[in-house]
Asks: 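My questions all concern the structure below.
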Protein chains: 2
Amino acid sequence: MNMCSYICASIKEEMSQLITLSVPKEKLVKAAAIMKLVAHPTRLAVVDLLGRYDRLTVNEIADATGCEQSLLSHHLTNMRLSGLLKSEREGVNIFYSLKLKELSKLLACIENCECNL
Amino acid sequence: MNMCSYICASIKEEMSQLITLSVPKEKLVKAAAIMKLVAHPTRLAVVDLLGRYDRLTVNEIADATGCEQSLLSHHLTNMRLSGLLKSEREGVNIFYSLKLKELSKLLACIENCECNL
DNA sequence: TGATTATATGAATATGTGTTCATATATTTG
DNA sequence: CAAATATATGAACACATATTCATATAATCA
């Protein structure tokens, strides 16, 4: 390695150091995980509904989304276990609601972005 | 089915008709597809970088993200083929950039939501 | 032209996800 | 208590996705 290539490498290294993420990696991991959870038509629908109706029973969500009960239940269970939703029993019904209210903002945002696709 | 159950069913039906999606289903499908594409730490990083640096070579992105070249190339190719990115060769380098500028807004939005997690 | 650098591609594999189906549980009501 | 309703659960399967590795291509330069 001669002097020139040494200097060039050095410059290159400095240059590339300028290009950095604006967000720590762990945050990207977290964000990606949340997006992944929501990145499904039925689950987006759930977020949409619960963002507007505060709380709904499984049946109501099933009706509104047209999703079969068992499948919907799986979706809801996943979303609950990963902290997106919470549920409370009331008699024979179980009401679901958003644990992270911000999620509906996310939907609105995507809505927005998506217009310009 | 007696009169009462008929009336009840009817009321129930009317009630449940009030609960509807605010967005047509196809739109949810589209939105979910976009989110799915971005819902990965490396790909979020790519969106972040290209939102701020306008255009970058594969190597620059690889350095900044710490992602191995072949794997990154796969990610970039996917994102390009699905319309999120575009690429242009310039000599030995290939520059990638956001085709959907709105994507970086999406990232900001998630950032926001994510704070309150 | 041959070496080097930047990038892409394809096969193989591991792992994850969505869906279905059958069945279980909990609550209410007659 | 038996029946009906609302919801959950678990196994099985199909399918998609992420990753790795080896190799290909394309451009540049000596």
Side-chain angles (χ1 to χ4, degrees), chain A residues 1-2 4-5 8-9 12-13 15-16 19 28-29 32-46 55-82 84-97, chain B residues 1-2 4-5 8-9 12-13 15-16 19 28-29 32-46 55-82 84-97:
Chain A
M1 192 196 264
N2 60 23
C4 177
S5 70
C8 292
K12 203 174 163 194
E13 203 174 294
M15 298 278 294
S16 77
I19 298 167
L28 291 178
V29 172
I34 295 180
M35 294 190 71
K36 216 174 170 186
L37 276 168
V38 183
H40 185 286
T42 302
R43 294 195 298 262
L44 273 181
V46 170
R55 58 182 225 144
L56 292 172
T57 70
V58 178
N59 260 337
E60 288 171 324
I61 300 176
D63 283 353
T65 60
C67 183
E68 185 265 337
Q69 93 81 200
S70 167
L71 180 51
L72 180 62
S73 180
H74 280 301
H75 282 306
L76 293 175
T77 302
N78 287 342
M79 294 173 84
R80 181 173 49 81
L81 291 180
S82 40
L84 264 53
L85 306 182
K86 67 181 199 292
S87 68
E88 37 192 353
R89 172 156 236 143
E90 228 160 85
V92 84
N93 294 304
I94 295 184
F95 286 87
Y96 275 86
S97 50
Chain B
M1 193 196 265
N2 59 25
C4 176
S5 70
C8 292
K12 204 173 163 194
E13 203 175 296
M15 299 277 294
S16 78
I19 298 167
L28 291 178
V29 172
I34 294 181
M35 292 190 73
K36 214 173 170 188
L37 276 168
V38 182
H40 185 287
T42 302
R43 293 196 297 262
L44 273 181
V46 170
R55 57 182 227 144
L56 293 172
T57 70
V58 177
N59 261 337
E60 288 171 324
I61 300 176
D63 283 354
T65 60
C67 182
E68 186 265 337
Q69 92 82 201
S70 168
L71 180 51
L72 180 62
S73 179
H74 279 301
H75 282 306
L76 293 175
T77 302
N78 287 342
M79 295 173 83
R80 181 172 49 80
L81 291 180
S82 38
L84 264 53
L85 306 182
K86 66 181 200 289
S87 68
E88 38 192 353
R89 172 155 236 142
E90 227 158 85
V92 83
N93 294 303
I94 295 184
F95 287 88
Y96 275 86
S97 50

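Naming: A, B, ... by sequence-line order, numbering from 1 per chain.
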Asks: Hey, is the side chain of K36(B) poking within less than 4.0 Å of OP1 or OP2 on dT17(D), counting only N and O atoms?
Replies: yes

Asks: Please state how far atom CZ in R80(A) lies from atom P in dA8(D), giving the value in whole angstrom units.
Replies: 7 Å

Asks: With T57(A), which residues qualify under side chain to side chain contact (heavy atoms under 4.5 Å, CB included), at least two apart?
Replies: N59(A), E60(A), N93(A), F95(A)

Asks: Given that L71(B) and L71(A) both sit by DNA chain C, which one's nearest nucleotide is further toward the 5' end?
Replies: L71(B)

Asks: Between dA24(D) atom C1' and Q69(B) atom CD, what is the distance in whole Å?
Replies: 11 Å

Asks: Identify the two heavy atoms, one from L28(B) and one from P41(A), that lie closest to each other, and give their separation to 0.1 Å.
Replies: CD1-O, 4.0 Å

Asks: Nearest whole angstrom, please: distance from the C1' of dA8(C) to the CG of N78(B).
Replies: 12 Å

Asks: Could you tell me how far apart L76(A) (CG) and dT7(D) (C1') are, to the nearest whole angstrom?
Replies: 10 Å

Asks: Which heavy-atom pair separates A39(B) from K36(A) by the least distance, and what is that distance?
Replies: CB-N, 3.6 Å

Asks: For the pair made of CZ in R55(A) and P in dT7(D), what is the distance, rounded to whole Å?
Replies: 12 Å

Asks: Please state how far atom CD in E88(A) lies from atom P in dT27(C), giving the value in whole angstrom units.
Replies: 15 Å

Asks: What integer distance in Å separates M79(A):CE from dT17(C):P?
Replies: 14 Å

Asks: Would you tell me if any nitrogen or oxygen in the side chain of H75(B) comes within less than 4.0 Å of OP1 or OP2 on dT17(D)?
Replies: no

Asks: So H40(A), base contact, sugar-phosphate only, or nothing? Heavy-atom distance under 4.0 Å.
Replies: sugar-phosphate

Asks: Using a 4.0 Å heavy-atom cut-off across all strands, classify S70(A) as base, sugar-phosphate, or nothing.
Replies: base

Asks: If I compare all heavy atoms of S87(B) with all of R80(B), which pair ends up nearest, and what's the gap?
Replies: OG-CD, 3.3 Å

Asks: Starting at atom CG of L85(A), determine the distance to atom P of dT7(D), rounded to an integer number of angstrom.
Replies: 14 Å

Asks: Mind listing the residues from residues 89-96 of chain A sitting with a heavy atom below 4.0 Å of DNA chain D? Number order is fine.
Replies: V92(A), N93(A), I94(A), Y96(A)

Asks: So which heavy atom on A62(B) is nearest to which on L72(B), and how close?
Replies: N-CD2, 3.4 Å

Asks: When you measure from the side-chain N and O atoms of R43(B) to the phosphate of dA18(D), is any distance below 4.0 Å, counting only OP1 and OP2?
Replies: yes

Asks: How about M79(B) and H40(B): do any of their side-chain heavy atoms sit closer than 4.5 Å?
Replies: no

Asks: Looking at dT20(D), I'd like to know if its phosphate oxygens (OP1 or OP2) sit under 4.0 Å from a side-chain N or O belonging to H74(B).
Replies: no

Asks: I need the minimum non-hydrogen distance between R89(A) and I94(A), along with the two atoms involved.
Replies: NH1-CD1, 4.0 Å

